[in-house]
Each structure stands twice: as structure tokens, then as C-alpha cells.
Amino acid sequence: MSRIPLVDLAAAHAEVAEEVEVGFKRVLAATAFVGGPEVAAFEQEYAAFSGVRHCVGVANGTDALELALRAVGAGPGSEVILPANTFIATAEAVARTGARPVLVDCDPRTYLIDTEAALAAVTPATKAIAPVHLYGQMADVERLRASGVAIVEDAAQSQGATRHGRPAGAGGIAATSFYPGKNLGAYGDAGAVVTSSGEWATTVRTLGSHGGLAKYRHDLIGVNSRLDALQAVVLRAKLTRLADGNARRRAAAARYDELLAGLDVVTPVTDEGNEHVWHIYCVRVPRRDEVVTRLNAAGIGAGIHYPVPVHRTGAFAHLGGSFPHAEAAATEILSLPIYPQITPGQQARVAEALAAALEA
Ligand SMILES: *Cc1c(COP(=O)(O)O)cnc(C)c1O
């Protein structure tokens with residue numbers, strides 16, 4: 001029997017192959033490879049999709065976070081609050097601005113940033129809180145706004161998600177990643193910042209193009225972080241199918257909920273008010289490492305997002321701290337294959353293999 005991957009990029013490509021080929025030819029004919037009309041069109045389309053006024057394409061999600069943080073003023077001498085259980089990029093982006101990362105624990109049910117812990121960590125030096133919309137559902141941004149500091153949302157896993165009908169970035173600024181495996185994935189690295197603030201959007205665009213918006217004008221010490229036209233072609237083709245893809249992910253998640261109901265696993269919880277886009281379907285199991293090994297041996301691409309909390313990595317061990325919920329989750333969570341094209345038959349095989357792995 002064929003292997004069931006964690007993410008099926010070949011199936012995703014098959015749906016857009018023709019459009020991508022036509023678009024690549026268009027870019028090759030125009031030879032506008034960095035920025036240009038294809039990128040401008042994608043930025044407009046993604047801003048509209050996201051329900052915000054501005055989208056600035058950048059080179060990857062980590063840059064998007066760094067530039068968004070810099071736009072709200074994070075830098076040396078300031079602090080940024082973020083969850084201990086996230087992909088390392090969130091912490092890297094904070095550190096790269098020169099601000100001090102301040103970690104807080106997660107909610108043990110949803111794995112999202114512990115809202116009250118984040119609010120309690122605010123000091124006069126806090127420039128921003130960076131909640132991560134982990135696995136495809138949004139953190140409680142409304143409540144975090146009560147802090148009065150800027151909310152820089154890590155929306156790398158949540159393209160299309162909403163909370164009480166509002167998308168990421170709508171009330172502030174959000175960074176996203178178009179790494180190939182994300183819900184909206186490019187064919188290489190890419191990312192974007194979305195915001196309805198014209199001022200923040202301009203700062204991000206300026207920082208991302210060597211600190212100036214006109215050639216050889218450099219008002220700020222910026223970086224080179226721009227979106228390539230070939231990536232914009234892929235993103236434009238895939239964007240038209242994103243809402244449908246997210247709906248298919250929701251159906252797949254509901255199917256897993258049913259299939260796993262009788263097993264000794266904790267299935268994911270969607271927070272009230274959230275429209276989840278299921279970037280990851282994360283369950284919690286006993287003897288996790290053994291279960292992952294057995295699943296992989298059975299041809300099921302199981303993953304772990306993430307096995308090491310930020311404060312336990314070599315890079316950020318100096319931050320110290322103890323975050324029991326994040327630490328416990330890191331040893332018990334595992335991610336099952338999920339993507340729009342996954343079939344009920346494949347999901348049944350995943351559930352059977354998981355049941356067998358748990359019994360073994
Ligand atoms: C993917 C991801 C990023 C970083 O994106 P890159 O494009 O790989 O730099 C940041 N945060 C989270 C939560 C992610 O999943």
C-alpha cells in the first residue's frame with residue numbers, strides 16, 4: 001500500500017499545474033523576477049482575501065515576523081511576549097529585532113498562548129505580544145488587545161482562519177509564511193505581512209527593500225526581503241483555491257474526530273468563536289515516540305509540532321523559565337496527515353494504524 005504523507009505537495013501541484021505553467025511563461029517573457037506586476041497583483045488579492053487593506057510580500061515568514069515587529073517599534077531595550085511552544089522562527093524573529101523574547105506557557109487544551117499569562121507578563125518595556133495562531137486556529141487576539149501593546153500575529157499556520165469573523169491582522173499586523181507545506185504554499189520560500197495600517201505597511205515595505213522605496217534611496221537600515229514573481233504566480237493560482245482547500249481540511253478534521261472517538265487519544269479542541277483551517281491535526285497520545293515510530297513504519301507520515309519548546313533549544317536556553325504545559329505537550333503530541341486531497345480511505349488507514357500502534 002502506498003505511503004500516506006504528512007502533507008501531499010504533489011496532489012496540491014496537480015490542481016494548479018496548468019495555471020502555474022502559463023504564469024511562469026508570462027514571467028519569463030516579461031523578465032520581471034523580483035517584485036513587479038505579478039507580485040503587486042498577488043499582494044492585492046491576498047489583502048482582499050485576508051480582509052485587510054495592505055499586504056506586503058517578503059522573502060519568507062521569519063522575515064515577515066521580524067519586519068512586522070520592527071514596524072511596531074520592537075528593538076533593542078524592548079521586550080516581546082511569545083508562547084514557549086511555537087516553531088523556532090517566532091523567537092528568532094524577536095531576537096533579530098534586538099528585543100528580548102519573553103516566553104509564556106500555553107493553554108493545555110488548545111496549545112494556543114495562555115492569554116492571562118501573556119497579559120501578566122506585560123511590563124513598561126513590552127513593545128508587542130506575538131501570539132501564534134498555532135495549527136490553524138487563532139489565539140484570543142481581542143483579549144490580548146486589552147494589554148494596550150501592539151499585537152503582532154504569527155499567522156504562518158492560519159491563512160484563512162477567523163475569530164468571531166475577523167481574520168488575522170485585521171486589527172493590527174500579522175505575518176505569514178508561504179513555505180511549501182503551509183495552507184497557502186509557494187514553490188520555495190515566501191512570506192507576507194498583512195495590516196490595515198498604511199503606516200506599518202509602508203515601514204515593512206521600506207525595511208524589506210534596503211530601507212528605501214526608490215532606487216538608491218536608503219532612509220532606514222533595512223534588509224533584502226522581497227517576494228519573487230515566480231512565487232507570486234504559484235500563490236495567485238493557489239489562492240483562488242484556498243477557501244475550498246480549507247473547507248476540505250475542515251471536513252477531514254471532522255472525519256478524524258469521528259474515526260478516533262473510541263481510541264486512547266486526546267483529539268484537538270477548537271476554541272469558541274474560531275473558524276479553524278487545520279494546518280495541523282494534532283493529537284495527544286501516551287508513549288508518543290513509540291507511536292510515531294510505529295506509524296512511520298506502517299507508512300503513515302506522522303510529525304511532531306514541535307518536539308522541543310523554545311526555552312529547551314540550545315539557541316534560547318539562556319532565557320530559562322519553566323512552562324509545564326508546553327513541556328508536557330512536547331512529549332505527548334503528534335500530527336496526523338492532513339491536506340485538502342486526503343481521502344476518507346486514507347484517513348481510515350491512518351486511524352487503523354494509530355489504533356494498532358496504541359495497542360502494541
Ligand atoms: C512556518 C512558520 C514560520 C516561519 O516561516 P518561514 O517562511 O519558514 O520563515 C513562523 N512561525 C510559524 C508558527 C510557522 O509555522
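Atoms within a ligand are numbered from 1 in the order they appear, just like the ligands themselves. It should be emphasised that the depicted structure is a prediction, and the values quoted were computed from it without experimental measurement.
The shortest N or O to N or O distance between Thr62 and ligand 1 is below 3.5 Å. Looking at ligand 1, you won't find any N or O of Tyr179 less than 3.5 Å from one of its N or O atoms. Below 3.5 Å of separation, one finds no N or O of Phe178 facing any N or O of ligand 1.
Using a 4.0 Å heavy-atom cutoff, Tyr306 is listed among the residues neighbouring ligand 1. Residue contacts with ligand 1 include Lys182, since one or more of its heavy atoms lies under 4.0 Å from the ligand.
Atoms of ligand 1 found under 4.0 Å from any heavy atom of Ala89 (numbered from 1 in listed order, with element): 3 (C), 4 (C), 10 (C). For ligand 1, the atoms closer than 4.0 angstrom to any heavy atom of Val132 are 13 (C). Under a 4.0 Å criterion applied to the non-hydrogen atoms of Ala156, ligand 1 contributes the atoms 2 (C), 3 (C), 10 (C), 11 (N), 12 (C), 14 (C), 15 (O). Short contacts between ligand 1 and Gly61, defined as distances under 4.0 Å to a heavy atom of the residue, involve ligand atoms 5 (O), 6 (P), 7 (O), 9 (O).
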Begin from the C-alpha positions of Arg166 and Glu142 and carry the test salt bridge (Lys or Arg N to Asp or Glu O under 4.0 Å) through to its verdict. CA-CA 10 Å; Arg166 284 170 53 85; Glu142 301 105 316; over 6 Å; no
Under the salt bridge (Lys or Arg N to Asp or Glu O under 4.0 Å) criterion, do Lys238 and Glu45 qualify, and how do the steps go? CA-CA 11 Å; Lys238 287 194 172 178; Glu45 289 157 10; over 6 Å; no
ring-ring contact (aromatic ring centres under 6.0 Å, His included) evaluation trace for Phe323 with His311: CA-CA 9 Å; Phe323 307 101; His311 64 294; 4.8 Å; yes
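In this model, no donor atom of one side chain and acceptor atom of the other lie less than 3.5 Å apart for Asp105 and His325.
With respect to atom 13 (C) of ligand 1, the closest heavy atom belonging to the protein is Asp154 OD2, 3.4 Å. Annotation: atom 8 (O) of ligand 1 to nearest protein heavy atom, Ser177 OG, 4.0 Å.
In this structure, Tyr281 and Tyr256 have tilted ring planes: the angle between them lies in the 30° to 60° band.
A distance of 9.5 Å separates CD of Gln346 from CD of Gln341, quoted to the nearest 0.5 Å. Note that CZ of Arg241 is 6.5 Å distant from CD of Glu15, once rounded to the nearest 0.5 Å.
Among Ile173, Thr203, Val52, the single residue meeting the side-chain contact (heavy atoms from CB on, under 4.5 Å) criterion with Val193 is Ile173.
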